[in-house]
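Labels below follow one simple rule: chain letters A, B, ... track the order of the sequence lines, proteins then strands, and each chain is numbered from 1.
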Amino acid sequence: MTSESAFIDIQDLVFLRGERRIFDGLSLKIPRGKVTAIMGPSGTGKTTLLKLIGGQLRPESGRITVDGICVHELRRSALYDLRKRMGMLFQSGALFSDISAYENVAFPLRVHTKLPEDMIRDIVLMKLEAVGLRGARDLMPSELSGGMTRRVALARSIALDPELIMYDEPFTGQDPIAKGVLVEMISKLNRSMGLTSVLVSHDVPESLSICDYACIVSNGQVIGAGTPEELQGNPSERVQQFLQGKPDGPVPFHYPAEPIAEDLADGAQR
Amino acid sequence: MRQRTMEIVVGAFVLAGCGALLFLALQVSGLTPQAAEPTYKVYANFNDVGGLSVRGQVSMAGVTIGRVTAITLDPKTYQARVEMEINKSAEIIPTDSSAIIRTAGLLGEKYVDVSVGADQEYMKDGDTFYGTQSALNIERLISNFASGK
Amino acid sequence: MMDRLATIGRGTFDILASLGRSSEFLLRSLVAVPRPATGLPLLVKQIYAVGVLSLAIIVVSGLFIGMVLGLQGYNILTDYGSEQAIGQMVALTLVRELGPVVTALLFAGRAGSALTAEIGLMKATEQLSSMEMMGVDPLRRVIAPRFWAGFITMPLLAMIFSVVGIWGGMLVGVDWLGVFEGSYWANMQASVDFGEDVLNGIIKSIAFGFVCTWIAVYQGYDSVPTSEGISSATTKTVVYSSLAVLGLDFILTAVMFGDI
Ligand SMILES: Nc1ncnc2c1ncn2[C@@H]1O[C@H](COP(=O)(O)OP(=O)(O)O)[C@@H](O)[C@H]1O
Ligand SMILES: [Mg+2]
């Protein structure tokens with residue numbers, strides 16, 4: 001993986017939430033035109049990482065470049081221009097609840113292009129067709145099921161034909177069929193549109209089945225990276241614990257706390 | 001389609017608001033849409049303006065012809081100097097007219113009443129009334145009456 | 001003792017910090033005027049939500065308040081044999097005070113709380129975030145139209161309130177209690193001054209519109225994106241707006257009518 005082919009390059013990223021160090025010297029390269037999965041337990045800051053890449057949060061120190069552009073040094077307007085080249089599928093879908101599915105997909109087109117209404121209509125119907133929901137165009141977001149919401153949101157994030165698309169936990173809370181549909185759709189989109197995909201997830205089998213590269217993030221650092229096969233063969237205990245879903249191991253099951261005996265004794269003294 | 005009905009309703013709402021403004025201007029505050037009439041200034045010196053205020057009416061035979069625009073104290077004579085703006089259309093005040101401060105009703109507003117004289121000449125811009133009669137002070141009247149003067 | 005001092009200090013700091021943040025927020029959303037082609041439909045939609053939907057409560061309240069003023073005014077004035085002054089009393093009270101103030105209080109409860117809840121929920125469901133990620137500034141797209149709608153709507157609502165109230169006063173005074181209609185209007189016109197009373201009342205309601213909408217959209221935008229966060233933000237909107245309106249009303253009245 002040479003540095004020219006890296007679409008996103010993260011170096012020595014440090015990010016704090018209050019006192020907590022969410023990222024502590026994280027470095028990561030995401031290759032152009034491939035599907036990269038970022039995996040890690042809940043609460044390690046996967047969503048935070050995507051927001052840092054999108055420039056919604058600023059790192060304490062370190063550098064994040066997208067296609068050679070340093071995200072957090074950009075001025076507001078340049079950042080907004082860069083974001084037109086990115087799509088992001090939020091965990092909840094984040095459809096605008098006051099407009100229909102059709103209008104949701106048309107939204108970025110109306111805002112960022114001056115296309116005539118009939119062309120917007122063609123594009124919207126094509127994008128909805130790509131996610132199989134052309135028939136649901138007139139439904140309001142409240143009338144869509146969870147899986148449909150995510151598919152409409154996906155159609156919306158690809159409306160402007162972005163170069164990069166980031167998926168935040170696309171499989172969480174989906175039934176097996178919907179999961180299958182989404183897996184299918186993500187890899188199809190990547191192949192047909194040649195975009196760079198970043199997939200954030202803690203669903204190991206689904207993620208590994210579609211990604212070209214994967215990395216595992218824990219305690220603010222990358223603990224393992226490579227192709228799915230390389231990861232499976234990774235000797236690190238922590239990597240294996242995560243991949244096989246063992247309840248306890250180097251990655252602790254407990255949130256940091258004082259020993260339980262002391263805690264209980266404290267209660268008894270009161 | 002829905003956007004269109006919304007636009008119509010909002011348009012009607014804004015019109016209703018403007019209508020309310022018009023109603024407040026014309027019907028409630030009695031503003032007449034004609035342009036402000038040209039005026040000229042005259043003055044009057046009173047021993048006591050007691051209760052007359054700026055923006056008070058100036059009238060002649062009960063018809064409003066102008067407004068009080070300023071009340072100042074003359075440092076030499078210790079009298080109150082009242083400045084009035086009179087409508088040009090009422091530039092027919094004989095020079096020997098006098099200005100009297102009266103009360104509208106028993107407890108109402110004080111206003112300046114012009115008591116018409118007999119001279120052939122009219123007062124011009126900047127002139128001062130020759131004769132004045134100060135505000136009727138009810139308290140003083142009562143105390144005078146009580147002490148039998 | 002030291003603890004208490006520290007609490008006061010921290011409280012002051014918090015208040016100053018949130019004033020600073022909300023001022024910056026206000027400035028940024030005022031600067032962010034959308035293009036007319038996209039902005040106007042958004043504004044129309046918000047004027048509908050904020051203004052037209054508040055109209056019913058404004059009209060009904062205005063009517064009742066005008067009728068109460070007519071009734072109370074008649075009872076007081078009739079003692080002095082001057083019940084024909086009822087028109088001037090009703091009109092002055094409404095135009096100078098009750099019109100702007102009651103409209104603002106009703107607005108805070110009806111439209112302000114709705115604005116806060118809506119924006120807070122948009123934040124909680126990541127709609128604002130996703131807008132940012134699409135390269136659209138939520139201040140421009142979501143906040144600015146709502147802000148302007150509130151600002152434009154408030155004086156319109158206040159004037160409608162006053163007019164309906166004056167009509168309600170006439171209903172009671174003239175039609176019911178038998179005051180001569182001519183003197184109802186004539187007394188009113190003689191004592192209500194357009195510049196002094198009507199315009200000052202409108203200036204008040206513009207100021208209230210500004211403050212109420214600012215508080216409402218800021219509380220929504222700054223809310224903690226959870227159900228408790230939104231519910232507490234909504235409460236804060238109503239409480240802060242009401243206090244701000246009443247306090248500001250005193251200051252404006254002192255400046256406008258108090259010869260300061
Ligand atoms: N707005 C916030 N304020 C403070 N802490 C936050 C905020 N958002 C997230 N966090 C913290 O940052 C950590 C990472 O969150 P997140 O990126 O959502 O994790 P993930 O997506 O991996 O589950 C969490 O432990 C969470 O407590
Ligand atoms: Mg997350």
**Asked** Who wins among C/M159, C/E196, C/Q88 for the most heavy-atom pairs under 4.5 Å with chain B?
**Response**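 Heavy-atom pair counts peak at C/M159.
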
**Asked** Under a 4.5 Å heavy-atom cutoff, which of C/T153, C/D197, C/D193 has the most pairs with chain B?
**Response**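 Of the candidates given, the most pairs with chain B belong to C/D193.
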
**Stepwise side-chain contact (heavy atoms from CB on, under 4.5 Å) check, C/L157 with B/F13** = CA-CA 9 Å; C/L157 288 176; B/F13 169 68; 3.7 Å; yes

**Message:** Rounded at 0.5 Å granularity, tell me how far CG in B/L21 sits from CD1 in C/I202.
**Reply:**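 Taking CG in B/L21 and CD1 in C/I202, the distance rounds to 5.0 Å.
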
**Request:** Rounded to the nearest 0.5 Å, what's the gap from CZ on C/F194 to CG on B/L26? Could you check?
**Result:**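 It is 8.5 Å, given to the nearest 0.5 Å.
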
**Request:** Would you indicate whether B/Y43, at its atom OH, is surrounded by more than 12 heavy atoms from other residues, nucleotides or ligands within a distance under 6.0 Å?
**Result:**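 For B/Y43, atom OH is crowded (more than 12 foreign heavy atoms under 6.0 Å).
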
**B/Q27, part contacting chain C, at a heavy-atom distance under 4.5 Å** = both

[X] versus chain B, the contacting section by heavy-atom distance below 4.5 Å:
X	result
C/V44	both
C/I166	side chain
C/L199	neither
C/V164	neither

**Item:** Partner chain C: residue of B/L24, B/V28, B/V10 with the largest heavy-atom pair count (under 4.5 Å)
**Value:** B/V28

**Prompt:** What heavy-atom pair brings C/I160 and B/A20 nearest, and what distance separates the two atoms?
**Reply:** N-CB, 3.9 Å

**Fill in**
Nearest heavy-atom approach of C/L156 to B/C18 is CD2-N, 4.4 Å

